[in-house]
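Letters A, B, ... are given to chains in the order of the sequence lines, protein chains preceding strands, and every chain is numbered from 1.
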Amino acid sequence: MPMHNAEIADAFEDLADLLEVEDANPFRVRAYRNAARVIRSNRRRIADLAAEDLTDLPEVGEDLAQKIRALVETGELPALEEVRKRVPQSISEMMRIEGLGAKKVKALYEGLGVKGLEDLKQAAEEGRVAELEGFGEKTQEMILERAADAAEKEQRSLRNDAEDVAEPLLAYLEAIDGVKQVELAGSYRRRKETVGDLDILVTAERGTPVMQRFVDYDEVAEVASRGDTRSTVHLRSGMQVDLRLLPQVSFGAALHYFTGSKAHNVAVRKLGRKRGYKLNEYGVFEGDQRIAGRTEEDVFASLDLPYIPPDLRENRGEIEAAREDRLPDMVRLGDIRGDLHCHTRYTDGHAGLRAMAEAARELGREYLAITDHTQNLKVVNGLDAKRLRRQMAEIDRLNDELEGITLLKGAEVDILEDGDLDLPDDVLQALDLTVCSLHSKFDLPRNQQTERVLRALDHPAFRILGHPTGRRLNQRPPLALDLEKVMRAAAERGRFLEVSAQPDRLDLNDEACLLARELGVQVAISTDAHTAADLDLMRYGLEQARRGWLEKKHVINTRTLKQLQKLLQN
DNA sequence: GCCGTTTTCGGCCCGACTGTTTTCAGTCG
């Protein structure tokens with residue numbers, strides 16, 4: 001089983017952590033971290049590229065290329081094994097405690113012989129930490145408080161959960177008398193699929209008690225730090241929130257800086273340096289002279305760049321594209337004309353056909369495909385041919401009656417273990433479209449899983465591959481599938497892939513959308529609604545498609561009903 | 001360890017906040 005990009009990245013992160021504790025050259029440490037970031041976010045499997053020239057990857061030179069090859073081939077990183085002989089691996093787990101970095105961990109290890117979280121907790125309980133030079137009572141208390149939490153795995157929040165926390169807080173801040181601007185920066189603003197913490201930027205009239213009101217917010221469980229221009233709190237929900245109070249004149253620079261991504265910022269700063277400018281969160285400076293900073297548009301303009309939307313700021317070519325005036329014209333919610341995946345009471349949905357149709361019409365959809373499960377999925381009472389025929393007849397009757405919306409006859413057809421589809425051909429052919437999905441045998445080896453999907457793709461009734469990787473955020477990793485191969489086959493056969501808008505799926509994700517664009521596969525952004533209210537989840541799928549540079553022309557449910565029907569005929 | 005329109009050596013982002021060592025190092029973003 002070839003090594004996953006995340007595993008390779010983890011190995012270099014570990015190496016960086018341990019070297020940092022050893023007080024190695026900080027730039028060397030950073031080089032490993034930079035490479036880990038590049039590897040982790042690369043959409044192709046590094047293990048598969050190992051035969052090619054890995055130095056083509058940014059941040060990867062001769063040395064790292066050789067280390068990656070060794071790691072992929074042997075499963076071991078000799079440099080890491082070397083360091084582990086000198087420093088126990090477990091001490092890096094202490095660095096997960098907020099407020100403990102490499103230097104403090106090194107001091108704890110050398111001064112107290114503490115080797116991991118358990119040791120550390122014990123040392124703190126016995127009061128030995130406070131006695132160590134450079135440490136005190138407060139640090140010891142902090143360690144006691146956080147050691148237990150650090151042992152649990154950190155999880156990022158789903159976007160919709162983060163919104164539930166963020167929106168009321170933003171409204172609270174905006175309502176403070178004297179507050180002028182409130183913006184939520186960070187990965188939240190970039191519309192990333194998950195959110196780690198919230199970075200809020202505020203401008204206000206002089207003397208406005210923003211910080212006091214912020215730490216007084218009802219939902220604040222703990223104030224981690226409080227200053228005149230910056231404070232950090234933890235909310236009851238567990239979410240960390242940073243708030244920064246800024247002068248108007250640098251608001252745009254700060255918004256750009258704290259929106260990130262880090263990789264995007266590094267690339268933009270580099271562009272500035274080439275022109276002799278200095279970029280930081282206060283502005284763009286030529287010598288001591290601030291030449292931009294009030295708005296983000298100013299900041300980009302000072303570098304002769306058009307405005308780059310936050311969704312694209314991942315250093316995936318957006319800066320070059322901006323310079324050459326070929327930024328994508330990303331698909332918008334208003335472009336969406338229909339929804340091609342939903343369920344009803346016939347299987348595991350909670351509303352009837354008419355209710356779903358009317359809810360979709362309320363949202364301005366012109367068509368809605370009814371795609372209930374098929375017989376293989378017993379737990380949800382999947383439809384057999386007979387029941388599906390009955391549903392099709394009911395849809396025909398409803399279509400005669402309904403104004404302003406058309407229901408399409410479809411099914412979410414199970415792809416069986418051998419790649420067959422889960423209904424007889426005649427009934428499949430009678431449908432307007434199929435969404436074909438994997439719901440079983442997630443653990444097949446990569447080759448076999450890929451073959452299974454390729455076989456299904458060959459079926460004449462196959463139209464859309466539903467939630468292609470099967471991942472559930474924070475629950476289930478993507479299944480082993482050669483997505484590139486699948487996409488190439490789909491492009492050849494005129495088939496489509498789904499971008500599921502379910503907040504815990506978002507599948508295809510942003511990077512896979514980029515790949516789809518590159519390989520010429522069109523997608524359907526679908527809600528997979530199980531209730532009438534779910535039909536409004538569309539925006540979450542749209543956000544990931546936009547992050548994946550997809551335009552209106554790449555998304556089949558932006559077509560009129562007539563155009564779509566033509567696309568689905570072949 | 002990487003990188004290069006300042007190019008094969010010599011840089012590599014830097015400012016706010018905290019706790020502690022009372023003038024600053026460590027951490028974070």
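Distances from the side chain of A:Lys104 to the nucleotides B:dG29, B:dT18, B:dG26 place B:dG26 closest. Distances from the side chain of A:Arg230 to the nucleotides B:dG1, B:dT6, B:dG15 place B:dG15 closest. Side-chain proximity of A:Thr139 to B:dC2, B:dG29, B:dG19: nearest is B:dG19. Closest contact between the side chain of A:Lys274 and the listed nucleotides B:dG29, B:dT6, B:dT27 involves B:dT6. Proximity note for A:Lys138 (side chain, C-beta onward) versus B:dC17, B:dG15, B:dT20: the nearest is B:dT20. Proximity note for A:Lys278 (side chain, C-beta onward) versus B:dC14, B:dA16, B:dT18: the nearest is B:dC14. Closest to the side chain of A:Lys103, from the set B:dT20, B:dT27, B:dT18, is B:dT27. Set against B:dG15, B:dG29, B:dG1, the side chain of A:Arg28 has B:dG1 as its closest nucleotide. Considering only side-chain atoms of A:Thr229, the nucleotide from B:dA16, B:dC13, B:dC28 that sits closest is B:dA16.
Among the atoms of the strands shown, base atoms are found under 4.0 Å from some heavy atom of A:Gly134. Using a 4.0 Å heavy-atom cutoff across all strands shown, A:Pro58 reaches sugar-phosphate atoms only and no base atom. Using a 4.0 Å heavy-atom cutoff across all strands shown, A:Tyr32 reaches sugar-phosphate atoms only and no base atom. The residue A:Lys106 sits apart from the nucleic acid: no heavy atom pair falls under 4.0 Å. Residue contacts shown for A:Glu133 are absent, as no nucleic acid heavy atom lies under 4.0 Å away. Residue contacts for A:Ile97: at a heavy-atom cut-off of 4.0 Å it reaches the sugar-phosphate backbone alone, with no base atom in range. Across all strands, A:Ala102 comes closer than 4.0 Å only to sugar-phosphate atoms, never to a base (heavy-atom distances). Within the nucleic acid shown, A:Glu141 has no heavy atom closer than 4.0 Å to any nucleic acid atom. Residue-level contact check: A:Leu100 touches the backbone only, with heavy atoms under 4.0 Å from sugar-phosphate atoms and none from bases. At a threshold of 4.0 angstrom between heavy atoms, the contacts of A:Val29 with the nucleic acid are absent.
In this structure, the side chains of A:Arg316 and A:Glu511 come closer than 4.5 Å at one or more pairs of heavy atoms. Between A:Glu126 and A:Gln140, every side-chain heavy-atom pair lies at or beyond the 4.5 Å cut-off.
The aromatic rings of A:Phe12 and A:Tyr32 lie parallel to each other, with less than 30° between the two planes, well short of the 60° mark.
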Inset, instruction - Could you walk me through whether A:Arg33 and A:Asp17 pass side chain to side chain contact (heavy atoms under 4.5 Å, CB included), step by step? - result: CA-CA 9 Å; A:Arg33 294 228 166 94; A:Asp17 283 351; 2.8 Å; yes
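Using P as the reference atom, B:dT20 and B:dG15 are 25 Å apart when rounded to the nearest Å. Atom P of B:dC3 sits at a distance of 14 Å from the matching atom of B:dC13, rounded to the whole Å.
The aromatic ring centres of A:Phe285 and A:Tyr277 sit 6.0 Å or more apart.
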For nucleotides 9-12 of chain B, tabulate all protein N/O to nucleotide N/O atom pairs closer than 3.5 Å, reporting atom names and distance.
from	atom 1	to	atom 2	distance (Å)
B:dC12	O3'	A:Arg30	NH1	3.4

